Amino acid sequence: MSGVHHLPWWKQVVIYQVYPRSFADANGDGIGDLPGLIAKLDYLKALGVGALWLSPVYPSPMCDAGYDICDYMDIDPLFGNLADLDLLISEAHKRGLKLLMDFVPNHTSDQHPWFIESRASRANSRRDWYIWRDQPNNWRASIDGGSAWSWDEVSQQYYLHFFLPQQPDLNWHNPRVVEAMHQVLRFWLDRGVDGFRIDVVHCIGKDPTFADDPRCLAGETMVRINDQPYSHEVLRGLRRLVDHYPDDRVLIGEVNIRSTAQVAAYYGASDELHMSFNFPPLDAPWDPVVFRLCIREVKGCFPSHSAWPTWALSNHDNSRLRSRYGGSLRRTHAAAVLLLTLRGTPFIFQGDELALEDTQVTAQTRVDPGGRDGSRAPLPWKINAPHGWPGKTPWLPFPPDVSTLAVEAQEAIAESTLGLYRCLLSCRRESEALSIGEWEELPSHPQLLAYRRHSHSDERIICINFDQVEHAFPLAGQWITQISSDRQSEKELFKGTVAAEQAVILRRRENHHEQ
Ligand code: NOJ
């Protein structure tokens with residue numbers, strides 16, 4: 001691509017979320033690990049993504065699958081060790097892949113030495129590293145939906161936790177906490193990590209008045225509503241730290257507030273987050289009206305010249321996109337076209353490129369106290385059991401249709417979901433319009449979503465039919481179907497109709513030898 005040298009890498013790539021415990025297992029203990037991931041880097045390179053975001057791999061009692069950390073600067077033996085991580089960084093970089101770690105600043109595990117000290121007595125020097133009160137307020141926690149305060153028998157006070165009681169919230173209003181967490185970032189940046197996905201970053205500043213929040217009475221949890229000016233101040237400090245490093249290290253926040261305008265505010269004046277997740281599209285049903293509104297909202301809130309949006313249609317906290325969209329493979333394929341052709345950096349959650357559905361858990365196989373196991377199932381690599389997972393049975397059951405959807409089964413088939421993703425990613429890499437171009441909505445039948453991407457002379461038109469019947473999409477000029485989600489009519493002249501639940505990427509016919 002030409003003319004993109006001034007653009008940071010994170011605007012030009014597609015990012016792949018690796019959920020390490022379910023990705024690939026090298027030591028046969030039934031839990032994915034870093035050596036397993038290293039062995040599959042060529043798969044990711046061939047898929048065509050440009051960066052990996054690794055969900056937490058730090059030492060943890062695993063009450064919340066590693067989002068309860070007891071040492072920020074080490075690797076849990078389940079996943080390997082620091083030498084494995086260093087090797088992962090260098091092997092990823094060798095292949096031109098960036099590596100992002102998950103930074104979890106809002107809370108630690110209750111087994112973190114800081115909290116063990118903090119709860120030891122009211123006089124402990126780390127007491128105010130966490131948030132202690134004599135009386136709780138009405139704030140509600142996520143995951144179990146209970147009170148955000150737990151009573152500590154030993155020191156006879158309540159501590160605050162926006163998630164499980166085993167995840168006490170750090171007190172970022174204490175400068176010593178800020179400094180300790182800066183050290184954590186430096187530790188990983190110095191090792192060569194390219195940036196961070198920051199867990200619930202909008203939660204770190206707390207309302208200093210600790211007033212009851214009426215929205216909690218209506219069932220809201222603090223994680224959906226906490227939005228304090230102080231979080232922005234903290235973010236500016238993190239940004240200054242990261243900007244000090246070369247090569248465009250990046251901060252990508254999980255801002256879990258369901259308002260795109262509020263999310264956009266976390267970019268600050270280009271001095272806070274580089275990018276943030278935006279959840280309304282992930283919550284959206286398969287409905288063009290809802291998607292149109294979400295996309296228009298993003299366009300309104302993220303002006304072209306400054307803030308750069310992100311797109312994610314699933315992750316480890318939600319049902320897989322195929323399951324949410326009713327199980328239909330056609331829809332899943334059309335959704336892949338949508339995800340990979342909008343303006344902003346797309347995130348693929350591992351296994352969506354295989355069209356996996358949620359795994360079924362029973363009372364016996366359930367692991368997550370928040371009921372989020374469905375999307376966290378192990379990735380099937382091989383057609384035959386044990387599907388590339390040597391040794392012990394994996395920690396969660398495989399998703400449905402495990403043999404048909406295995407990487408090995410899809411790899412050689414262009415019409416497979418994996419084939420489509422590879423093709424979409426390569427098309428996006430080769431087109432400036434698709435990767436970094438402007439986005440402009442086109443008029444269409446209400447059941448279609450149509451838009452134009454353009455940059456200099458490069459342009460593409462994308463049309464997604466959400467309906468179960470074909471619709472006309474007349475266009476002036478002559479257009480070639482570059483990619484079609486059902487792989488029909490590719491390289492042919494576009495005939496002005498889009499089939500039921502089909503999505504197409506069109507490019508202008510360049511010369512008369514083309515069909
Ligand atoms: C958001 C993470 O994505 C989720 O998995 C976790 O439970 C919470 N934050 C708490 O860290």
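What you see is a predicted model; the values in this text were computed from it and never measured. Atoms within a ligand are numbered from 1 in the order they appear, just like the ligands themselves. The first residue in the sequence is number 1, and the count goes up from there.
- Classification of the Tyr130-Phe115 ring pair by plane angle, with boundaries at 30° and 60°, yields perpendicular.
- Counting heavy atoms closer than 4.0 Å to ligand 1, residue Arg197 contributes side-chain atoms (C-beta onward) but none from N, CA, C or O.
- In this structure, Trp53 and Phe277 have tilted ring planes: the angle between them lies in the 30° to 60° band.
- Annotation for ligand 1: atoms under 4.0 Å from non-hydrogen atoms of Arg376 are 5 (O).
- Using a cutoff of 4.0 Å between basic side-chain nitrogens and carboxylate oxygens, Arg186 and Asp190 are not scored as salt-bridged.
- Under 4.0 Å from ligand 1, not a single heavy atom of Asn315 appears.
- Under 4.0 angstrom from ligand 1, there are no non-hydrogen atoms of Gln17.
- Atom 8 (C) of ligand 1 has its closest protein heavy atom at Phe163 CE2, 3.5 Å.
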Return all side-chain donor-acceptor pairs below 3.5 angstrom for residues 58-68, not counting sequence neighbours, or 'none' if the list is empty.
{"from": "Tyr58", "atom 1": "OH", "to": "Asp102", "atom 2": "O", "distance (Å)": "2.5"}
{"from": "Ser60", "atom 1": "OG", "to": "Met62", "atom 2": "N", "distance (Å)": "2.8"}
{"from": "Ser60", "atom 1": "OG", "to": "Asp68", "atom 2": "O", "distance (Å)": "2.7"}
{"from": "Ser60", "atom 1": "OG", "to": "Asp68", "atom 2": "OD1", "distance (Å)": "3.0"}
{"from": "Asp64", "atom 1": "OD1", "to": "Arg372", "atom 2": "NH2", "distance (Å)": "2.9"}
{"from": "Asp64", "atom 1": "OD2", "to": "Gln167", "atom 2": "NE2", "distance (Å)": "2.8"}
{"from": "Tyr67", "atom 1": "OH", "to": "Ser55", "atom 2": "OG", "distance (Å)": "3.4"}
{"from": "Tyr67", "atom 1": "OH", "to": "Asp102", "atom 2": "OD2", "distance (Å)": "2.7"}
{"from": "Tyr67", "atom 1": "OH", "to": "His316", "atom 2": "NE2", "distance (Å)": "3.3"}
{"from": "Asp68", "atom 1": "OD1", "to": "Asp64", "atom 2": "N", "distance (Å)": "3.2"}
{"from": "Asp68", "atom 1": "OD1", "to": "Gly66", "atom 2": "N", "distance (Å)": "3.3"}
{"from": "Asp68", "atom 1": "OD2", "to": "Met62", "atom 2": "N", "distance (Å)": "3.2"}
{"from": "Asp68", "atom 1": "OD2", "to": "Cys63", "atom 2": "N", "distance (Å)": "2.6"}

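- For ligand 1, the atoms lying closer than 4.0 Å to a non-hydrogen atom of Arg372 are 4 (C), 5 (O), 6 (C), 7 (O).
- A salt bridge does not link Asp368 with Arg366: none of the charged nitrogens is closer than 4.0 Å to a carboxylate oxygen.
- Nearest heavy atoms, Pro175 versus His173: CD-O, 3.5 Å.
- Nearest to atom 9 (N) of ligand 1 by heavy-atom distance, out of Leu164, Val223, Asp199, is Asp199.
- Interface of His107 with ligand 1, defined as ligand atoms under 4.0 Å from a residue heavy atom, comprises 10 (C), 11 (O).
- Close contacts between ligand 1 and Asp64 involve ligand atoms 6 (C), 7 (O), 8 (C), 10 (C), 11 (O) [criterion: under 4.0 Å to a heavy atom].
- By the 4.0 Å heavy-atom criterion, Ile143 is counted among the residues contacting ligand 1.
- Looking from atom 5 (O) of ligand 1 to the surrounding protein, the closest heavy atom is Asp317 OD1, 2.7 Å.
- Note on ring orientation: taking the six-membered ring where Trp is involved, the planes of Tyr325 and Phe291 are perpendicular (angle over 60°, cut-offs 30° and 60°).
- Asp317 and Arg376 are joined by a salt bridge, as a carboxylate oxygen and a charged side-chain nitrogen come within less than 4.0 angstrom of each other.
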